[in-house]
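Have a look at the structure below before the remarks.
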Amino acid sequence: AADIFRLEAEEHLQTISMHVAALEKAPTNRDLIQGIRRATHTLKGAAGMMGFRAIADLCHISEDLLDNIMEGTTAISPAVLSIILDTAETLDLLINGRGNERETEQTKVQPLRARYAELLGEQNMALSNVEDAIDAELEVNEEETSSVGSVVPTETNAQRASRDDLSVRVRLQKLDELVNLFGELLV
């Protein structure tokens, strides 16, 4: 499943890079921005499903910037083009495992987070930090419940819905089985 993700992710990275290169020549072309956003959104979802947290988080904040551009609240500037291109390069490093092995995923993402905070403003990043804190707490709770061996809900459905967390956790083995079944249906 990870190899399939990597192949699909590389296609999305290629799409993002091609659109950014074209956007440098035609910065007002909203179709190019939408293409970058669509590829980023798809990559975010796939990374989230596979449990690649750093990739999903980076795509999420990039998507926030692209949404602001589409809404007209952020203008396309050399700094914006630079961060979109740097994001694509960092995503490539995270997906393909290139670069300094001792450097953690969060170490690779942190400088970009700071640049996004500067571009998007502290309000959007503060909301993201709240979500990160909630997710970290959930991970701690999951670890505690798995060590005890019983399943205890850590939050209500209303709490999940209030923070727009509409994800489902599925064991990787089940996901692999589903993908295999789907593949057999296509044949």
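Model, not experiment: these values are computed from the prediction.
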Between the main-chain N or O of Arg38 and the side-chain N or O of Thr42, is there a donor-acceptor pair closer than 3.5 Å? yes
Checking Arg37 side chain against Glu63 main chain: does a donor-acceptor pair fall under 3.5 Å? no
In short, Ala56 meets Ala47 closest at the heavy-atom pair N-CB, 3.8 Å
Can you name the nearest heavy-atom pair linking Ile69 to Arg30, along with the distance? O-NH1, 3.7 Å
CA sep, side-chain torsions, deciding dist, call: Leu119, Asn68, side-chain contact (heavy atoms from CB on, under 4.5 Å): CA-CA 10 Å; Leu119 279 173; Asn68 284 355; over 6 Å; no
Assess the residue pair Leu58 and Ile61 against the criterion (side-chain contact (heavy atoms from CB on, under 4.5 Å)); give the C-alpha distance rounded to whole Å, side-chain angles, the decisive distance to 0.1 Å, and a yes or no. CA-CA 5 Å; Leu58 184 54; Ile61 57 177; 4.0 Å; yes
Tell me whether the count of non-hydrogen atoms from other residues, nucleotides or ligands lying under 6.0 Å of CD in Gln14 goes above 12. no
For Met49, does the CE atom sit with more than 12 other heavy atoms under 6.0 Å from it, leaving out its own atoms? no
Is the shortest heavy-atom distance from the side chain of Ile76 to the side chain of Thr28 under 4.5 Å? no
Could you tell me if the side chain of Ile84 sits less than 4.5 Å from the side chain of Val80, heavy atoms only? yes
Would you please test Leu94 and Val109 for side-chain contact (heavy atoms from CB on, under 4.5 Å) and show each step? CA-CA 9 Å; Leu94 292 171; Val109 172; 3.9 Å; yes
Euclidean distance, Thr90 OG1 relative to Ile55 CD1, rounded to 0.5 Å: 11.0 Å
